[in-house]
Amino acid sequence: MSDSNALGREQWGSRLGFILAAAGSAIGLGNIWRFPYLVGKNGGAAFVLIYLLITVFIGLPVMMAEFAIGRAAQKSPVVAFKAIGATPCWSVIGWMGTLAGGFLTLSFYNVVGGWTIKYMIESLGGLLPLAADGKSGDFFNAFVSNPYGVVFFQVTFMALTMLVVLGGIGKGIERACKVVMPALFVILIILIFRSLTLPGAEVGVSFYLKPDLSKLTGETFLDALGQSFFSLSLGLGIMITYGSYLGKEEHLPSSAVWTASLDTLIALLAGLAIFPAVFAMGLEPGQGAGLSFVTLPAVFAKMPAGGKFFSFLFFLLLFFAAITSSMSLMEVSTAFGIEKFKWERKKAVCVMGTIIVLLGVPSALSLGGAPTIAGKAFFDAVEYLCNNVFLPLGSFLACLFVGWVWLPGAREELTNQGKLPFPWLNAWVWCIRVVAPAAIAYIFVTGLKW
Ligand code: PHE
């Protein structure tokens with residue numbers, strides 16, 4: 001495959017490069033920070049089970065649909081729907097995705113991305129001695145309440161993201177993911193080994209793997225749905241954008257299966273690194289968002305040996321995962337600037353990056369106490385809105401579009417005009433027309449609560 005097509009549009013350098021970049025987008029804070037804390041909050045293995053079912057029957061088909069739209073259109077989400085002949089109203093999916101993903105999601109994502117840098121540094125400094133005294137919560141609160149600190153690290157993280165995206169698709173994003181993703185896997189395996197060999201680890205393993213279905217509520221389903229979409233980077237036009245840089249000869253269903261499997265594998269492994277250690281140290285898994293930043297430092301501090309090293313490694317892992325995802329979010333707003341306003345890549349990255357940083361500042365500051373929206377910290381409000389409203393809504397509309405309006409076009413794309421086999425085509429059609437939209441609508445209506 002060449003690095004640009006006949007129209008001069010950039011393309012991925014290789015199939016592996018694309019899968020690693022798509023997996024790089026999918027695998028992120030969602031897998032390592034958010035998935036484990038949701039498992040902890042929702043009572044363990046029952047949540048894992050629902051999450052897996054939703055990913056197979058809803059997430060994966062939606063991912064295929066997004067890849068198909070992107071590759072057929074060869075355009076970023078806002079213009080993609082027009083490019084494949086859809087009536088203008090469908091462009092709302094692209095607009096909503098670009099605003100919610102390229103701007104809003106990235107605005108809070110880079111805040112947490114910044115924390116990972118701070119924690120990486122502090123792992124080697126003062127974090128663990130404080131955590132050993134039971135003060136990791138105080139450490140976290142002091143950090144997020146210091147406006148200069150949080151904003152400094154948020155800006156640093158964003159600047160690194162912008163630097164990679166400046167390099168473009170093949171030389172920037174793809175090259176970065178090819179190095180970072182294998183490193184991430186190795187680090188995770190080391191952490192799992194450490195966690196499972198701690199005395200008392202079995203309690204954590206059974207919390208994580210033995211489902212207790214009585215713990216399921218409507219909210220569990222919405223959390224699992226939102227998490228599945230968030231983790232697979234769906235509903236925001238990311239996979240439309242990435243699909244648009246894909247060559248015509250690629251087989252979309254298998255790329256989607258690879259991407260979704262890698263993403264799910266890493267989430268499951270992250271849980272396996274975290275829960276056994278948390279239980280072995282006699283700590284609580286239901287901490288919520290603080291699991292990685294408050295509970296884990298206490299776990300590392302209590303480790304019999306090598307706590308500092310493992311703490312550094314864990315936050316490095318979190319940083320790697322975060323940056324390959326933030327690149328993909330940044331690429332959406334960048335592609336938007338390039339296509340809609342005909343800007344050069346450099347200008348698009350600088351202008352959009354600045355807007356996103358400014359949007360993120362209230363989120364960065366809000367965990368220190370202010371600002372709030374309707375009773376929630378600004379950060380929590382933006383996160384909730386993106387994950388539990390925009391992602392499901394974007395995916396729901398994408399299902400309606402692909403399932404009921406553009407099905408023949410999608411069929412052609414998924415089978416490369418009938419040239420490549422896709423044995424699950426009929427099952428996919430059912431999922432995208434009926435199962436996914438009905439499930440999303442039901443879960444959305446029953447689980448939504450501010
Ligand atoms: N999938 C990423 C993660 O798991 C986050 C993300 C969401 C990235 C939506 C792009 C779009 O962290």
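What you see is a predicted model, and the numbers here were worked out from it, not measured in a lab. Every number for a ligand or one of its atoms is a count from 1 in the order of the listing.
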Checking side-chain polar atoms at under 3.5 Å, does Tyr245 have a donor or acceptor matched by the opposite partner on Glu331?
yes

Please set out all donor-acceptor pairs under 3.5 angstrom arising from side-chain atoms of residues 51-60, sequence neighbours excluded.
residue	atom	partner	partner atom	Å
Thr55	OG1	Tyr51	O	2.8
Thr55	OG1	Ser228	OG	3.1

Does Lys308 qualify as a cation-pi partner of Phe300, given the criterion of NZ or CZ under 6.0 Å from the six-membered ring centre and within 45 degrees of its axis?
no

Centroid separation under 6.0 Å, is that true for the rings of Trp12 and Tyr242?
yes

What pair of heavy atoms forms the shortest contact from Met120 to Leu316, and how long is it?
SD-CA, 3.5 Å

Taking only Lys NZ, Arg NE, NH1 and NH2, and the carboxylate oxygens of Asp or Glu, determine whether Glu249 and Arg15 approach each other closer than 4.0 Å.
no

Using heavy atoms and a cut-off under 4.0 Å, could you grab the residues that are in contact with ligand 1, chain by chain, numbers ascending?
Ser25, Ala26, Gly28, Leu29, Gly30, Asn31, Tyr109, Phe230, Ser231, Ser233, Leu236, Ile238, Ser325, Ser328, Leu329

